[in-house]
Amino acid sequence: MQPLIHQATVLNHIEVKKDIFRIQLVAPELARRSRPGQFLQVRVSATYDPLLPRPISLHHIDPHEGTVTLLYHRVGRGTALLAQCKAGEKIEIWGPLGRGWSLPGDKNVPAQSVVPIYVAGGIGIAPLLPLAEAWSSVGNPGILLCGGRCEEQLVAVDDFRTRGVFVDLATEDGSCGHYGRVTDLFDTLPLQGRQPILYTCGPMGMLKAIHELATDKGWLCQVSLEERMGCGLGACLSCVCKTKAEQEGKVWTHSKICTDGPVFWSKEVIWDG
Amino acid sequence: MQPLIHQATVLNHIEVKKDIFRIQLVAPELARRSRPGQFLQVRVSATYDPLLPRPISLHHIDPHEGTVTLLYHRVGRGTALLAQCKAGEKIEIWGPLGRGWSLPGDKNVPAQSVVPIYVAGGIGIAPLLPLAEAWSSVGNPGILLCGGRCEEQLVAVDDFRTRGVFVDLATEDGSCGHYGRVTDLFDTLPLQGRQPILYTCGPMGMLKAIHELATDKGWLCQVSLEERMGCGLGACLSCVCKTKAEQEGKVWTHSKICTDGPVFWSKEVIWDG
Amino acid sequence: MADLAVNLGGLAMKNPVTTASGTFGFGVEFEPFVDLRRLGAIVVKGTTLEGREGNATPRMAETAAGMLNAIGLQNPGIEAFIKNHLPPLEPLGTPVIVNISGNTLEEYGDLTAIIDQCAGIAAIEVNISCPNVKQGGIQFGTSPCMAADVTKMVRKHTNKPVIVKLSPNVTDITEMARAVEDAGADAVALINTLLGMAIDVERRRPQLANTFGGLSGPAVKPVALRMVYQVYKAVSLPILGMGGIMSSRDALEFIMAGATAVAVGTANFTNPRATMDIVEGIESFCEREGLSSIQELIGAAHT
Amino acid sequence: MADLAVNLGGLAMKNPVTTASGTFGFGVEFEPFVDLRRLGAIVVKGTTLEGREGNATPRMAETAAGMLNAIGLQNPGIEAFIKNHLPPLEPLGTPVIVNISGNTLEEYGDLTAIIDQCAGIAAIEVNISCPNVKQGGIQFGTSPCMAADVTKMVRKHTNKPVIVKLSPNVTDITEMARAVEDAGADAVALINTLLGMAIDVERRRPQLANTFGGLSGPAVKPVALRMVYQVYKAVSLPILGMGGIMSSRDALEFIMAGATAVAVGTANFTNPRATMDIVEGIESFCEREGLSSIQELIGAAHT
Ligand SMILES: Cc1cc2nc3c(=O)[nH]c(=O)nc-3n(C[C@H](O)[C@H](O)[C@H](O)COP(=O)(O)OP(=O)(O)OC[C@H]3O[C@@H](n4cnc5c(N)ncnc54)[C@H](O)[C@@H]3O)c2cc1C
Ligand SMILES: Cc1cc2nc3c(=O)[nH]c(=O)nc-3n(C[C@H](O)[C@H](O)[C@H](O)COP(=O)(O)OP(=O)(O)OC[C@H]3O[C@@H](n4cnc5c(N)ncnc54)[C@H](O)[C@@H]3O)c2cc1C
Ligand SMILES: Cc1cc2nc3c(=O)[nH]c(=O)nc-3n(C[C@H](O)[C@H](O)[C@H](O)COP(=O)(O)O)c2cc1C
Ligand SMILES: Cc1cc2nc3c(=O)[nH]c(=O)nc-3n(C[C@H](O)[C@H](O)[C@H](O)COP(=O)(O)O)c2cc1C
Ligand code: FES
Ligand code: FES
């Protein structure tokens, strides 16, 4: 559905772990229009510095309550300003933007005969929660494989558990779950004979590893990509990634992450270059 | 005394009249160092837009409590941002800056045989209050002549009254006090035979009129001038005004309002040029 | 209500507000936010003879009150533009201005010849100032002779209004404006982006894959405004002013400096409704000031 | 601790941080906030042969992340500077760099001759780029020939380090840098301000009495950094980089782009302690990165 500009009221805003914030916004029209995997542009400043909005994924969409929730990592100036917003204040956002995940029942995605596996790296878990909610609502909650540098980086995991998702964790320092990388967790997957469909969001290196694993095994795999964005609307061409060209005589083309993505089938993406 | 950078805590901050705010800041070292007629540079933004600090006069100085108070008019972006500061927050200020008013007992200013007359135009009243407090403390509270476009522009008048100052008002629309200009009020001054000393702050046109009146009558007169400021420290030369040159062979020179002023003897200033 | 109509070198615009090339896609991207019918004109993304994929990423970096871009003229090529992107704009009735770039003089000529045949295109904006491509682009924009040659080449192939877009990365913008005026341009557009860069201190590398990029946004407004003011004094061509216009007040500053029309660029990213807000703001300013026509404001800041 | 000492064309500095001319007065203005001994050098307000009163007010206007100034070289003249303003600086041991401007080639020569005799002045920064004066100033800074002539004239009159300060208002900054290198400069300083303007929409008049002014502050940093990067590639002279340096990270960007030393300008107005914060920030960056000397960072962003 078409994006709109919303003046959203902050309902609550908490630091769930060090530098990781969850903000819930009242934005009924937005909540009605959004689907898992889409994102917003968030204005973090009323002045010209910082200038540009920040793209943040939808982490929870509640059309009945008329709210949406974001989960974000405070990494720089923009997110630091956002973190100062208090309940009751208004912030300007526009969305929903981009194309979301393929949901149960969508083309190529049978609701029951597959097992959805969400693979999250760090804050990449944010857009995976509404996806898990969609699968959970068709009685097939799936599996979350979640990795991070340390325990401090693992967030929102319980929100998956309460939706019936089977959760397996890995940390690079062993402070929580498996001592190692999230990719290691595939060795012990409780697949019960069903075909997995992978959904992944996180650092580029991880996405590539998951894509290669999926290719090896012949599994479907969707990735949510990130790139610096000017507009979020497909107009400025800041945010491209290389994808396989459909046009004859062309090997690759630049797709816009903001409107052609952020979710792509991993096999559409050109990973080395 | 030398200026310092202070991280001041906002003690309270209220809109006393439409678009006019009074902010009290905890800044003990500043309160100890400041004198009437000096000003501060106030950082109104933590980002680069707006970039520059805003010069604001000291409106009340309380060395015992360790606070200073400012009175300001919300006129543009900087003062609008300042107006959003809440009690408990910190703001960065530096000062005290500039040379203040000549106080009772200073050179050429006998404490008793003169009558201090404060002439305020609009928000120009701000730096006059601490001056009136100084005169009041030597038992010679003096007279306030206060003018504005309308009643809404007259503020802080009661603070003068409680210090024993005789107050006379004028508004251009007649909504309060004399119907006309502040200069008209001189016709009915209760001088009781003493020599007036004029202190004035407000729009340029008013300052000039007061200066001419003082020259006519042979009264001493100090004016507090304004100009756009870069540094407030005498370094950038943004803030000059034309004054009579002391150097031989020169008619005028550019003085720095921030460090040579903001207070000048009106006869030092070149008013037409 | 004041009459906002202006004429930009033969192009009639119902109001002075258009979009800066490369910041408004092909127009439809902004349809959710903007009534495209209310724009004075739409300037679309820079097109070239053949389609291009542009530069590698990162292509964008934020700076203080500005942004750097190094898109590198990614576009589907003029034929694909006319076939796929122009048709949705035609029913609107808003004039479409196509921004063109070539690697060679001949390419400018060929592009113009194609556009000249296309009734749906109202005017041509000739980009001789793109800082982000290896060939052509900026060289044409920093030499008065080459700028004149490009202008003549385009002029030769069309009677549609020709707006030549100047680069600010020059010692004397008036010299460039004079050169293209003499060469037959109908209007000048300025400014394109200022060449800039940013460095990632942690990686000790330029932030953009392309090293340099074009600076736009409020940061450049004082430079853009100065150039519009200078060019207004120097030539009699109408000016399409741009560079950091974020609000109607900014737009009015450009008009008072001498711009007949203004283009809104980076502002579209910080407020997708920016163009509409600016049209409305200009309307209410004219009303408040009791103007009968926006013409009274063009160049008003000159003594 | 890493060694922060640098040599700027013969001028030994204990660290790379100095002040931008015109933003730090004569140094003492900042004594309440800054330990002047900890600066790599102090560059004072631009001086001329005779004292000047500068332009009319308003001389300053704030812009997005920047400011315009049109001071017009108000200063007491070189003799008064040496007599009244230099003595307080001498006991500090921090090298003093005097920034000079002339209306004519001869004035540059005369100024240099006076300074050459003055032991308390460590180096000369030659301003050929002031946008705010009617005569001289910017003309010298936009023609490679004239820039070379000024440089030769100054060189002829002194053996002190000669730093030539370039204007960014040119098509090709490397051409200017090469010209002054060939003419005998020991270092180049860049950038001076970008020529800009602002308009007061209510009054429909330029904001500055002088119409145009020089843009400085964070807004110009991307342009300044790009020019430093280009000049580093083009000449072998050491570079004094400046333009929008507000923090130690900004300073490090300039050093990585190729600056041997950096000057802090507008930042002094937004934070009177800026120079100290920047010295400390560079120190801790070097420590964190385990560098033995700041030299390792100069030009590090070049491949
Ligand atoms: C489609 C999409 C969805 C996203 N969803 C989330 C989310 O749900 N939660 C979350 O924490 N983060 C998310 N991100 C990343 C988030 O946009 C960046 O962390 C944020 O922009 C950083 O801004 P900053 O000012 O704090 O950092 P700075 O480093 O100061 O930003 C400087 C500039 O770089 C850009 N930038 C920096 N990091 C990134 C990045 N990783 N991706 C894109 N641009 C970047 C900024 O937008 C800005 O223009 C998402 C990014 C994209 C593209
Ligand atoms: C020594 C001194 C003392 C002052 N004391 C007070 C006071 O006690 N209370 C009060 O309300 N105001 C005072 N002012 C005026 C106050 O500084 C301006 O109203 C304020 O800077 C406006 O900022 P703005 O961003 O809201 O307005 P904008 O118009 O958005 O400001 C734009 C720019 O113009 C400058 N500017 C605008 N108006 C003035 C002005 N009148 N004088 C100097 N610079 C200006 C700003 O500093 C800024 O750089 C004082 C000014 C000076 C020079
Ligand atoms: C992302 C981006 C892409 C641009 N692409 C083009 C282009 O294709 N052709 C062109 O002439 N100018 C292009 N420009 C320059 C703008 O049209 C405009 O001249 C410049 O951005 C200044 O205006 P602004 O500050 O309002 O953005 C581009 C600018 C941006 C920010
Ligand atoms: C108020 C002011 C006065 C200046 N005066 C001079 C001067 O006298 N001589 C000179 O060479 N540069 C002068 N400059 C330019 C600065 O030295 C510096 O080159 C420029 O401001 C860019 O640096 P910044 O962005 O850090 O301020 C002045 C700049 C400002 C803001
Ligand atoms: S962010 Fe502008 S096209 Fe994607
Ligand atoms: S404000 Fe800088 S000298 Fe007065």
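Scope of the values below: all heavy atoms of this structure, side chains included, with no hydrogens, waters or symmetry mates. Chain A is the first sequence line, chain B the second, and so forth, proteins listed ahead of strands; every chain is numbered from 1.
Under a 3.5 Å cut-off, the side chain of D:Arg205 and the backbone N or O of C:Ala301 do form a donor-acceptor pair.
Here the CD1 atom belonging to D:Ile255 is positioned 10.5 Å from the CD1 atom belonging to C:Ile199, to the nearest 0.5 angstrom.
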Let's go through D:Met176 and C:Thr171 carefully: what are the C-alpha distance in whole Å and the side-chain angles of both, what is the deciding distance for side-chain contact (heavy atoms from CB on, under 4.5 Å) to 0.1 Å, and is it a yes or a no?
CA-CA 11 Å; D:Met176 299 299 301; C:Thr171 306; over 6 Å; no
I'd like to know whether C:Arg203 forms a side-chain contact (heavy atoms from CB on, under 4.5 Å) with D:Met256, so could you lay out the CA-CA distance, the side-chain angles of the two residues, the decisive distance to 0.1 Å, and finally the verdict.
CA-CA 10 Å; C:Arg203 295 190 306 115; D:Met256 290 174 185; over 6 Å; no
Working note: C:Arg226 + D:Leu215, criterion side-chain contact (heavy atoms from CB on, under 4.5 Å); need CA distance, chi angles, decisive distance, verdict.
CA-CA 11 Å; C:Arg226 180 264 295 183; D:Leu215 182 65; over 6 Å; no
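Considering only heavy atoms from C-beta on, D:Leu252 stays 4.5 Å or farther from C:Arg204 through its side chain. Counting heavy atoms from C-beta on, the side chains of D:Glu202 and C:Glu289 come closer than 4.5 Å.
Proximity to chain D (any heavy atom under 4.5 Å) is restricted, for C:Phe285, to the side chain, taken from C-beta onward.
Comparing C:Asp172, C:Val220, C:Val223, C:Leu225 by heavy-atom pairs within less than 4.5 Å of chain D, the highest count is held by C:Leu225. Among D:Met227, D:Arg288, D:Lys221, the residue making the largest number of heavy-atom pairs under 4.5 Å with chain C is D:Arg288. Contact count versus chain C (heavy atoms, under 4.5 Å) is highest, among D:Gly217, D:Gly244, D:Pro218, D:Ala219, for D:Ala219.
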